[in-house]
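Take a look at the structure below.
Atoms within each ligand, like the ligands themselves, are counted from 1 in listed order.
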Amino acid sequence: MPRSESRALIVGASRGIGAALVAEGRARGWDVIGTTRDGDPAVDVTDAASVAALPGRVGEVDLLVCNAGVYPDKGVDLDGTTDEMMRMAMEVNVVGVFAVVRAMRPCLRDGAKVAIVSSQMGISARPAPNAFAYRASKAAATNLAANLAVALAPKVAVGAFHPGWVRTDMGGSSAAVSPEESAKGLWDGFAALEPGLTGAGSGVIRSYDGTPLPF
Ligand SMILES: NC(=O)c1ccc[n+]([C@@H]2O[C@H](COP(=O)([O-])OP(=O)(O)OC[C@H]3O[C@@H](n4cnc5c(N)ncnc54)[C@H](OP(=O)(O)O)[C@@H]3O)[C@@H](O)[C@H]2O)c1
């Protein structure tokens with residue numbers, strides 16, 4: 001059981017995995033704030049003003065989860081990939097993640113954890129001939145986690161996570177894992193994060209079931 005004031009911020013919690021992460025955190029006794037693009041606090045990670053306002057709205061936290069993500073080139077091959085798809089993926093999945101962590105840095109308590117919801121599709125050792133924008137953006141998101149883990153140690157632990165193939169708008173109805181099961185595993189993974197790259201999972205991408213994955 002966390003201390004009573006343990007507080008988590010889940011960015012991108014309107015639906016899917018983010019909404020399940022909010023519910024699971026509350027079930028574990030945490031004070032959880034979930035952001036949506038039109039709620040309170042409202043955060044669009046591509047909007048600098050809304051990201052800048054976040055620390056003032058939220059205050060100090062023990063856990064920050066960067067979950068907001070887009071998959072603009074789902075099912076798209078090399079010929080179908082546009083610059084706009086590439087820009088959108090980078091803007092949300094990379095720039096948005098970094099902007100949120102940078103803005104929230106002063107609000108991270110001693111011993112806080114930062115989790116970046118990335119994807120196994122960003123593993124560079126497993127190339128595939130499709131989804132170029134999404135794969136590149138998630139490779140960069142995992143890379144951000146590794147570098148932030150070094151930058152923020154020993155005060156803060158940082159890790160990247162693959163949530164599984166999850167039944168959400170993004171994952172589709174045939175996906176293998178429910179949002180609830182993914183959220184349970186992810187919360188266990190957040191709890192296991194330790195500062196730096198040598199601790200369990202920190203700076204290394206792990207699956208929601210705890211399996212370490214290659215970069
Ligand atoms: N589902 C999977 O199988 C799977 C697998 C690997 C990784 N992931 C990753 O897991 C995360 C959550 O995925 P999901 O399946 O739950 O996707 P989803 O159902 O499509 O939900 C995406 C969430 O991100 C939010 N979002 C998108 N753009 C945003 C922006 N500019 N600012 C703020 N919020 C924004 C959405 O808010 P709105 O409702 O306002 O659009 C929504 O809450 C993503 O990072 C995704 O890449 C998912």
- prompt: Touching ligand 1 at all, Thr36? Heavy atoms, strictly under 4.0 Å?
  reply: no
Heteroatom distance test (Trp165, ligand 1): nitrogen or oxygen, under 3.5 angstrom: no
- line: for atom 32 (N) of ligand 1, nearest protein heavy atom and its distance come out as Val45 N, 2.9 Å
query: To which protein heavy atom is atom 42 (C) of ligand 1 closest, and what is the distance rounded to 0.1 Å?
result: Ser14 OG, 3.5 Å
message: Test your reading of the structure: does Val166 have an N or O sitting under 3.5 Å from an N or O of ligand 1?
response: yes
- request: May I ask you to check whether His162 has an N/O atom sitting below 3.5 Å from an N/O atom of ligand 1?
  value: no
task: May I ask whether Lys138 places a heavy atom under 4.0 Å from ligand 1?
output: yes
- request: Could you pull out, from Gly164, Gly171, Ser119, the option with a heavy atom nearest to atom 5 (C) of ligand 1?
  value: Gly164
field: Heteroatom proximity flag, Asn67 to ligand 1, N/O under 3.5 Å
entry: yes
message: Does the residue Ser118 have a heavy-atom contact with ligand 1, meaning some pair of atoms that are separated by less than 4.0 Å?
response: yes
field: atom 22 (C) of ligand 1: nearest protein contact (heavy atom, Å)
entry: Gly69 O, 3.7 Å
field: N or O pair under 3.5 Å between Ile17 and ligand 1
entry: yes
